[in-house]
There are 2 protein chains.
Amino acid sequence: MSPVDLAPQELRTLVAVADERGFSAAAVRLGTTQSAVSHAVRGIERKVGVVLFERGRYGARPTAAGERAAAHARRILRMLEVLVTETREAARDGKIGEIGEIGGPLRIAAFRSAALYLLPPVLERLAARHPGIEATVTVVREVGPGTAGEVADGRADLGIATIGTSSPIPPELVGDVLLEEPYALVHPAGHPRPRSLPLVDWQENCSSYTRQWWAAQDWIPTATVRAEDDGAVLSMVGSGLGMAIMPGLSLTGAPPTTAITDLGPERPTRRVGYVTTPELAATAAVRALVRELRADAKPQVRAV
Amino acid sequence: MSPVDLAPQELRTLVAVADERGFSAAAVRLGTTQSAVSHAVRGIERKVGVVLFERGRYGARPTAAGERAAAHARRILRMLEVLVTETREAARDGKIGEIGEIGGPLRIAAFRSAALYLLPPVLERLAARHPGIEATVTVVREVGPGTAGEVADGRADLGIATIGTSSPIPPELVGDVLLEEPYALVHPAGHPRPRSLPLVDWQENCSSYTRQWWAAQDWIPTATVRAEDDGAVLSMVGSGLGMAIMPGLSLTGAPPTTAITDLGPERPTRRVGYVTTPELAATAAVRALVRELRADAKPQVRAV
DNA sequence: CGGATCCATGAGCCGTCCTCATAGCAGCAG
DNA sequence: CTGCTGCTATGAGGACGGCTCATGGATCCG
């Protein structure tokens, strides 16, 4: 008999305040009043017995406990949605002769190159096969917790992530590798000695093995330029400002003024895969997406 | 914007009706009236748009959709509990100097021999180390979905299960093998030709490999006696009524009137492990239990 | 044909949660 | 210092949802 009972509306309030970092902003998002939010948060804190937000002039910042509570709340809210859609699917599947048409929202977190070059054909086929699924893609920097963090915090149902020894699949999540792609050298087309150009680097592409490989190459210049993301890197290379070492996916959109050179048999590679939560892994919508991802990834694996 | 919103009380109603197979019985469990349950179920069915229970004079039986909804509901309710306890733990851990004392309820499902001979020392140490944890063990037959089914349906937080190729860890759950134990022959002590006795069998001990091994043994008599559970088998053997082939855990409680004979290097074995849901795997209480299970299991693995 | 045992339904009550209005507080500009 | 502008806190009142109570309908049973 637990005297604590958080209603869905309270969970939504929790999430909104944590996301918007303020009671007033959260009220706008929820379509309610600031007063309601204040009352609700106070009630939740009383029930749980923990201060979840630090209030101040600036608004409200979640405490460590509040952050954790919000992450749980996001996932519980998602499971409530799943309960409804899965129950409806089960009811439809019961009627003989009809094939259950799967549908519902599907939130995908992906790093930039995956969102631009890997997902579009996959989502196109997914939409053709299951018109009821409403997929939304949010681009997330693959730094820190990255796309897997989005999934763990309940902000996404499935994440496209780089998977390696330095960034394994978190224990509370499940997932698999989809493809392993090589890094390659990209440089301005027609340049006489491309390896003499400065190296353009960006934040997200570093796995431990890749760094190690870099260190072993004596021709890589120490003077490097740092750019915002892989798209910026490519356009800089295209303008003749330098060369770069980038994974295959990022090179899909390389402008015509660039040339790509293979790095040989010892070239570094990176593994790209998906992660999701176990309860969502059993979902028809997520399974359908994974199926399409696999169908798309296999030829590329073979090509490598 | 989904117009569906199931309150915790509604989830509890769902679970109670599914468990008790009747509105009136569910009302008693929930400490409310039959009318409230009827209204609530009707409201839920209207919101979800699916008939969840078949009503009859016998009471109410969940439909396939209702069964699924109840399983989801159980897990969501458990996650709501986890949200609260984890949030409180996070708040306590925030205060420097204090070590967070973990606590809360912990529901374990185990098959009979594990509950009798594997869990007691583990739970004793767990209780000594974390007095706040309230562990409850329910004995479940390891047939059909077994202990893993209890976990998947949200009736238990962790299950002790036999793990093999014919019964792998379900994809929506996580877990690991704890120990691999051999089957051995148990027979009445002092019997001149124990292998001539009828074989006493019981429901739960069959893995595919074990069955295969049995078939390859020409000395196993075809005339077998079938008993209720492994305890009953042991007492029958102890009374001189037959012999049996049983896994090590079940033999821990063998009476003194029995003798145990090793089956040699080709003897069949079974793997015993634990399963839990991914969201619970991250819980401090579950992690503490798994730690104790591992500490207890390792020596046994070495002994085999 | 009562009687027992289910679930269904309508009326009315009560608590919960929301809105509205207002107060308190901190920074900032003049 | 004062007034303005963000923000949150708080109290009073009202709408709504969910509960109880009482009753009705269906089915099985002796």
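Everything numeric here is computed off the predicted structure, so don't read it as measured data. Each chain gets a letter, A, B and so on, in the order the sequences are listed, and its residues count up from 1.
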Starting at atom [atom1] of [X], determine the distance to atom [atom2] of [N], rounded to an integer number of angstrom.
X       : N      : atom1 : atom2 : answer
A/Tyr58 : D/dC7  : OH    : C1'   : 11 Å
A/Arg55 : C/dG24 : CZ    : P     : 19 Å
B/Leu6  : D/dG17 : CG    : C1'   : 15 Å
A/Arg46 : C/dC17 : CZ    : C1'   : 12 Å
A/Asp5  : D/dC19 : CG    : P     : 11 Å
B/Phe53 : C/dC6  : CZ    : P     : 17 Å
A/Arg61 : D/dC7  : CZ    : P     : 16 Å

**Study point:** salt_bridge(B/Arg12, B/Asp19) N-O dist < 4.0 Å
**Key:**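 No, this pair does not count.
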
Point to revise | Stepwise side-chain contact (heavy atoms from CB on, under 4.5 Å) check, B/Leu173 with B/Thr276 | key: CA-CA 6 Å; B/Leu173 298 180; B/Thr276 183; over 6 Å; no

Exercise for review: Establish, from distance only, whether the side-chain atoms of A/Thr147 and A/Glu142 form a donor-acceptor pair under 3.5 Å.
Suggested key: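 Short answer, yes.
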
Practice item. Decide yes or no on side-chain contact (heavy atoms from CB on, under 4.5 Å) for B/Leu30 and B/Thr13, but give the supporting numbers first. Key: CA-CA 7 Å; B/Leu30 295 170; B/Thr13 304; 3.9 Å; yes

Exercise for review: Take B/Leu80 and A/Leu11 through the test side-chain contact (heavy atoms from CB on, under 4.5 Å) and record every step on the way to the result.
Suggested key: CA-CA 10 Å; B/Leu80 279 168; A/Leu11 300 181; 4.1 Å; yes

Practice item. Start with the C-alpha distance between B/His72 and B/Leu77, add both sets of side-chain angles, then the distance that settles side-chain contact (heavy atoms from CB on, under 4.5 Å), and finish with yes or no. Key: CA-CA 9 Å; B/His72 273 113; B/Leu77 286 170; over 6 Å; no

When you compare the protein's N or O atoms with those of nucleotides 25-27 of chain D, which come within less than 3.5 Å of each other, and at what distance?
unit_1 : atom_1 : unit_2  : atom_2 : d
D/dT27 : O4'    : B/Arg57 : NE     : 3.3

Exercise for review: Any chance you could lay out the salt bridge (Lys or Arg N to Asp or Glu O under 4.0 Å) test for B/Arg107 and B/Glu150, step after step, and finish with the verdict?
Suggested key: CA-CA 10 Å; B/Arg107 304 166 303 163; B/Glu150 292 296 294; over 6 Å; no

**Study point:** Cation-pi, B/Phe53 ring and B/Arg55 (6.0 angstrom, 45 degrees)
**Key:**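 No, B/Arg55 does not lie over the aromatic ring of B/Phe53.
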
Practice item. Using a cut-off of strictly less than 4.0 Å between a heavy atom of the residue and any atom of DNA chain D, enumerate the qualifying residues of residues 15-44 of chain B by number. Key: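 Output list: B/Thr32, B/Thr33, B/Ser35, B/Ala36, B/His39.
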
